[in-house]
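In what follows, a single structure is set out as structure tokens and then discussed.
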Amino acid sequence: MGSTLKNAGLLAVGLAAGAAVTMQFSALAYKPVEPSMPLDQLQQLAKAVELIHSDYVEPVEGGKLLTSAISGMVDSLDPHSAYLDPAAFRELREGTEGKFVGLGIEIGESDDGYVEIVAPMEDSPAERAGIQAGDLITRIDGLDVRGLGLEEAVKRMRGMPGTRVTLTIARASAPQPLVLTVERQEIVQKSVKGSIVEPGYGWLRVAQFQEPTVDDMAAKLKELARKEPHLKGLVLDLRNDPGGLLQGAIGVAAAFLPEGAEIVSTNGQLPESRQRFYGQPEHYMLRSGPDPLASLPNIFKTLPLVVLVNTGSASASEIVAGALQDHKRATIVGTQTFGKGSVQTIRPIGRDAAVKLTTARYFTPQGRSIQARGIIPDFAVDENADNDGLNALRLREADLDHHLSGDGDGETKTRPDDIYEQMALLDAARDRQPLAYGSAGDFQLLQAVKHLKGQPMQLSKRPSGATLARHAAPQ
């Protein structure tokens, strides 16, 4: 089914196999290896290396062969396990720290293979160069981006600080392509933003779970409380949040739950992989110092709360949504999440390289498995008044080849019989401007505020457990 869905134009969730990950940087002991190794296969590997050295049409460096063998071995396990060469390992560390050298743009892949600008980051090199939301990057340093893939395009736009990259931009309002030269700089990525959307009601967005996320969230919540002393409700926005560090997820959930409440549990082969995590500083603080949640106003433990999720909400964001749902602390609104419920542990295997290895499954406080199922909202609400836009076209965890099975049944895949409807939605979405979360035109946010006010929401048109929304008349 995977190839059929891809041919139909479905969109993967960001860089689904690489981005939708909740990670632990761990020094857990390795499980002892059984003494009986498959010696016959190891001998075959050695012979294959010798044959390539002696018979291949061109010389091949031995280290490259062995690195490729390690990469292929780990990649075969599941979509989220991977060998990290020095460059990939460095990028992963940069992502969790919230810093990277680049242009400062949020991007996605357009339906015709170009790189689409979701939004330039505030005061970034991209914003100063004039790049706008909705622009399409068609060439990077003169190279056509079609066929590169999003990950390779990102690599080409990153580089050393102070170096320049030339982008060819297609803009709907411009008759000719624009050629812009942008200087790469270190970008400090803010994973948390928020605002008062109307008197009494706040909006807090977590875009990714990074090392500073808990501190940034606490600071933003205090700011919202100062701006609006009479808060009546809050919307926690986790849409398109692909995951990140487990500690960040625990801290975000702990901010709204009773002290010490269970957030998530894990289960795997190693004894250290079978754990329960609670809303306690030792489970969410990554460095010494004062607890950022200790000084939060008490109102956030009881304030009415809505959590917004969609198909792009994965891993750490599913942990938060699942914990708040199980404790009946929040109402979950949106569409069923991605279903990434496995733990990736980073194991260094050399000075600069590592293996990102799936070591456990995640479970909500009530023991529900997230893997290949996701979190089902309490109320299904589409991104737009008439459909769920491009969210309806994304692949889920259960659609990925050799994905890890869930604990029991209930896997949710994209349905093949929806392909024609999905293609129609794709055509209809071509002329839509990218949604700016938190804006006046954010339909799901407007519905969430309605729910906080006790007013009826406009529900989606399909039952909440399905991929595409199309049931129930507006209420």
Side-chain angles (χ1 to χ4, degrees), residues 20-26 28 204 206 209 211 213-215 217-218 221 234 236 238 241 243-286 291-294 296 298-309 313-333 336-345 358-378 404 406-408 410:
V21 173
T22 294
M23 295 167 294
Q24 299 184 60
F25 288 82
S26 174
L28 299 181
L204 182 82
V206 180
F209 293 90
E211 288 182 16
T213 294
V214 177
D215 294 273
M217 174 200 64
L221 286 175
L234 181 72
L236 175 60
L238 302 178
D241 181 330
L245 291 176
L246 173 63
Q247 291 90 338
I250 295 171
V252 169
F256 304 102
L257 290 171
E259 185 176 352
E262 182 176 334
I263 308 297
V264 66
S265 62
T266 62
N267 191 19
Q269 284 201 70
L270 287 170
E272 294 88 345
S273 296
R274 298 189 286 272
Q275 297 190 62
R276 293 182 180 276
F277 297 90
Y278 301 89
Q280 299 167 343
E282 60 267 29
H283 287 169
Y284 57 76
M285 290 185 64
L286 287 162
D291 177 3
L293 303 187
L296 274 181
N298 290 332
I299 187 176
F300 291 110
K301 296 291 187 183
T302 56
L303 188 70
L305 185 65
V306 167
V307 178
L308 283 178
V309 295
S313 305
S315 201
S317 52
E318 295 176 289
I319 289 172
V320 174
L324 295 174
Q325 188 177 52
D326 276 9
H327 286 291
K328 299 185 180 354
R329 177 63 187 87
T331 301
I332 313 300
V333 171
Q336 188 170 356
T337 60
F338 182 72
K340 164 66 179 54
S342 59
V343 183
Q344 276 65 52
T345 303
T358 299
T359 55
R361 291 178 174 86
Y362 283 118
F363 296 86
T364 70
Q366 291 185 4
R368 294 184 293 153
S369 174
I370 296 170
Q371 178 60 21
R373 178 175 175 82
I375 301 299
I376 298 176
D378 300 305
L404 188 69
D407 187 58

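The basis for the numbers below is simple: all heavy atoms, side chains too, and nothing from hydrogens, waters or symmetry mates. In this text, all values refer to a predicted model and were calculated from it rather than measured experimentally.
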From [X] atom [atom1] to [Y] atom [atom2], the distance as rounded to the nearest 0.5 Å:
X: Arg274; Y: Arg361; atom1: CZ; atom2: CZ; result: 13.0 Å
X: Ile263; Y: Gln247; atom1: CD1; atom2: CD; result: 13.0 Å
X: Ser315; Y: Tyr362; atom1: OG; atom2: OH; result: 6.0 Å

Shortest non-hydrogen contact between [X] and [Y], atoms and distance:
X: Phe338; Y: Glu318; result: N-OE2, 3.4 Å
X: Asn267; Y: Phe363; result: CB-CE1, 3.8 Å
X: Leu404; Y: Ala372; result: O-CB, 4.2 Å
X: Ala254; Y: Lys301; result: O-NZ, 2.6 Å
X: Ala360; Y: Thr266; result: CB-CB, 4.1 Å
X: Ser313; Y: Ser317; result: C-OG, 3.4 Å

With heavy-atom distances below 4.5 Å as the criterion, would you say the side chains of [X] and [Y] are in contact?
X: Leu246; Y: His283; answer: no
X: Val309; Y: Ile375; answer: no
X: Glu211; Y: Leu245; answer: yes
X: Leu238; Y: Val320; answer: yes
X: Phe256; Y: Leu234; answer: yes
X: Gln336; Y: Ile376; answer: yes
X: Arg368; Y: Gln325; answer: yes
X: Ile319; Y: Phe277; answer: no

Worksheet item: Taking it one step at a time, do Tyr284 and Leu293 satisfy side chain to side chain contact (heavy atoms under 4.5 Å, CB included)?
Response: CA-CA 10 Å; Tyr284 57 76; Leu293 303 187; 3.6 Å; yes

Worksheet entry | Sole candidate of Thr213, Asp215, Leu221 that passes side-chain contact (heavy atoms from CB on, under 4.5 Å) when paired with Pro292 | Asp215

Discussion item. Applying the side-chain contact (heavy atoms from CB on, under 4.5 Å) criterion to Asp378, which one of Val333, Val307, Ile332 satisfies it?
Written reply: Ile332

Item to complete: Carefully, step by step, assess Leu305 and Arg329 under the rule side chain to side chain contact (heavy atoms under 4.5 Å, CB included).
Response: CA-CA 7 Å; Leu305 185 65; Arg329 177 63 187 87; 3.7 Å; yes

Practice prompt. Kindly say whether Ala330 contributes a backbone atom to a donor-acceptor pair with the side chain of Lys328 at under 3.5 angstrom?
Written response: no

